[in-house]
Amino acid sequence: MSEKKVNLAVAGATGAVGNQMIRCLEEADFPVRSVRFLASSRSVGRMLRFKGESIAVEELKEDSFKGMDIALFSAGGGTSEKYAPYAAKDGCVVVDNSSAWRMDPEVPLIVPEVNSHAIAQYKNKGIIANPNCSTIQMVVALEPIYKKFGIKRIVVSTYQAVSGTGKKAIDELFDQTRAMINFLDYESKVYPHPIAFNCLPHIDAFLENGYTKEEMKMANETRKILEDDTIGITATTVRVPVFYGHSESVNVETKAPVCAREVSALLEQAPGIKVVDDPKNNRYPLATDAAGQDLTLVGRIRDDDSIANGINMWIVADNIRKGAATNAVQIARVLVDEYL
Ligand code: NAP
Ligand code: 3JN
């Protein structure tokens, strides 16, 4: 374990993900010498707590990263695109939570349990990308299966919590639910339809091919992380009225013969995973159990009786923690311990 300490910046510190990054840094007792919390000009003067101290939020600027070693970004794709290169130029390694750099061939896309070997590629541009939350929890569960059996095709449907859309969406679900149960009028500002008591098969923008951007992120990012362009992946991403925790129904077709018992045994030993699979006693992964912790929960592991070599499973994780903040802090930890 390293004794090194780093100067660390959080860009987007006032947001849903940024706030969780700060909590994860505290929980991990991350070896910081100094921290700097950055957001838009709207937040200048706000104070954020860190390890018992109050720290003033500063405006994110081109020169914010001078003297910093690592910056965790979660301030949107446009902000990352503009400011990450300034950070890198000043020798500060960026761990970016947006989609801005994920598919850049020179930028590693990292889930530490799966492909930490690729972190070394940060030297290309000084940037490491954190995958989309729905991708992260899926590849944590799929990588052990991929390594042992190979994967031909994945069919995934997601049930994504509103916290994935940020602070405003958390408020919208809360306000709409309260209004509806009191027979009051309500407005939908964040989503195009009411999210309370509803399921919206629409996450991020629709594309020409009929998929949404979120669906294509899952397919493209999974292939990049597993370093295999031959895997067929089709996704349907759905927003559901849950505050924290994304759930996924995943159907995997493997290359080699597989059975549910072998997959359960494999996942029991895999890093970052907790198998919760005792249906007779009503035990299976739930968003309410995943929320607030860092493991990816996997259950309902069963043979797909419609094809040869098929497995079905249900994968749940805290989208703001393992899906974003925790994954970024884990990457930063490897950087400190092995590279800086
Ligand atoms: P959020 O709650 O709306 O927070 C947005 C944060 O970005 C706030 O701190 C905001 O500062 C800051 N910001 C916005 N525009 C800025 C600008 N021009 N300059 C500096 N700071 C700016 O959103 P969130 O849910 O935390 O998500 C933030 C980003 O993280 C998303 O856009 C996405 O790229 C990424 N994300 C990734 C995942 C994932 O799957 N890995 C999941 C969720 C989000 P103010 O408070 O001052 O406005
Ligand atoms: O909707 C979710 O559950 C996850 C959202 C992720 C997100 C939200 C806004 C912008 C992203 C992302 O991480 O892909 C982005 C983006 O950076 O494109």
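For ligands, and for the atoms within them, numbers begin at 1 and follow the listed sequence.
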_Per-residue contact class, Arg102 against ligand 2 - non-hydrogen pairs under 4.0 Å_ = side chain

*asked:* Is there a polar contact, in the sense of an N or O pair closer than 3.5 Å, between Asp204 and ligand 2?
replied: no

*Mind listing the closest non-hydrogen atom pair of Ile225 and Val114 along with its distance?*
CG2-CG1, 3.6 Å

*Which ligand 1 atoms, with their elements, are less than 4.0 angstrom from a heavy-atom of Cys133?*
39 (C), 40 (O), 41 (N)

*Those atoms of ligand 1 less than 4.0 Å from some heavy atom in Thr14*: 8 (C), 9 (O), 10 (C), 11 (O), 45 (P), 46 (O), 47 (O)

*Hey, is ligand 2 close enough to Ser98 that some N/O pair sits below 3.5 Å?*
no

*What protein heavy atom sits nearest atom 17 (O) of ligand 2, and how far away is it?*
Ser99 N, 2.8 Å

*Could an N or O of ligand 2 be found under 3.5 Å from any N or O of Thr165, whether backbone or side chain?*
no

*Which ligand 1 atoms does Gly323 reach within 4.0 Å, using its non-hydrogen atoms?*
39 (C), 40 (O), 41 (N)

_Part of Asn97 with heavy atoms under 4.0 Å of ligand 2, whether side chain, backbone, both or neither_ = backbone

_Below 4.0 Å from ligand 1: does a non-hydrogen atom of Ser41 turn up there or not?_
no

*Between Lys213 and ligand 2, find which residue part has any heavy-atom pair under 4.0 Å and reply side chain, backbone, both or neither.*
neither

